[in-house]
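These numbers were taken from a predicted model, which means no experiment stands behind them. Numbering of ligands and ligand atoms starts at 1, following listing order.
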Amino acid sequence: MTAPADQPDPAAGLPLEPRPAVRLLIDRETLQERVGELGAEVRADYEGVEPILVSVLRGGVVFLADLVRAAAMPCRADFMAISRFDASEDTGVVRIEKDLDLDLSGAHVLVVEDIVDTGLTLTYLLRVLAARGPASLRVCALLDKRARRIVDVPLSYVGFEVPDVFLVGYGLDLDERERGRSELLAVDDLDAVRADPALLDQAARPDAAARPAAG
Ligand code: IMP
Ligand code: MG
């Protein structure tokens, strides 16, 4: 068998560029700058109404923590935890594991999400929250994985549109770890990263050797 002329044939032993298992998608400075912009937008839009920011545990808390400081405005924050009823079924129906403590009736509610993927979970969640009679209900999502969308869900604020690849860091987990990373990494080979988590550190600091010492 021969490969097409324009593609290298692996069997011929030609050197192929190995695809990195993980790469830096958004560095910390870019993330912080964008979160700062989103915070300023939210502050301007909610002036005088003291919104309730709702975060979905656990991935969303890192973004929420930075967003409230960037917005630096009078607001309340509350948290809920949900789990999928059946992970194998893409219905979006979730079980509320921990509900909000605050009463949403008459309140201006802003759901702060780390990432919107299929949109199924968020659509279900918005339906649940809307039934509690908020004065307004909007969504601020840091990341929009739009290529994966199954149900259209209106997002009032979006930080970045991201490709359909597994993302880790800035709240997003890999097997419940790595949420504390300040940058966002794209994992193309999960098995390789599970076998060698140091690949994440290398991708997070590609210029570590070249960077001059701080100070
Ligand atoms: P969906 O929009 O209903 O598909 O669910 C979105 C949820 O899936 C997010 O809140 C994340 O918890 C999780 N998720 C989606 N994409 C990723 C990813 O790339 N890395 C880690 N978690 C993800
Ligand atoms: Mg989430």
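- For atom 3 (O) of ligand 1, the candidate residues are Thr121, Leu184, Leu174; the nearest heavy-atom contact is made by Thr121.
- The two residues Val162 and Leu167 make their nearest non-hydrogen contact at CG2-CD1, 3.7 Å.
- Contact annotation: for Asp114 versus ligand 1, heavy atoms closer than 4.0 Å belong to the side chain alone.
- Atom 23 (C) of ligand 1 has its nearest heavy-atom neighbour, among Leu122, Val56, Ile115, in Ile115.
- When non-hydrogen atoms are compared, ligand 1 lies under 4.0 Å from the side chain of Lys145 (C-beta onward) but not from its backbone.
- Remark: ligand 1 and Thr118 share an N or O pair separated by less than 3.5 Å (distance only, no angle test).
- Note on ligand 1: Gly59 sits outside its first shell, no heavy atom being nearer than 4.0 Å.
- Between Leu167 and ligand 1, at least one N/O pair is under 3.5 Å apart.
- Within 6.0 Å of CD in Glu37 there are more than 12 heavy atoms belonging to other residues, nucleotides or ligands.
- Note on Arg19 versus Asp189: no salt bridge recorded, every NZ/NE/NH1/NH2 to OD/OE distance being 4.0 Å or above.
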Can you list the steps and then say if Arg181 with Asp201 is a salt bridge (charged side-chain N to carboxylate O under 4.0 Å, His left out)? CA-CA 9 Å; Arg181 290 182 180 275; Asp201 295 318; 3.0 Å; yes
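- Residue contacts with ligand 1 include Val165, since one of its heavy atoms falls under 4.0 Å from the ligand.
- Using a 30° and 60° split on the angle between ring planes, His108 and Tyr46 fall in the perpendicular class, above 60°.
- In this structure, Arg132 does not pair ionically with Asp103, as no charged nitrogen and carboxylate oxygen lie closer than 4.0 Å.
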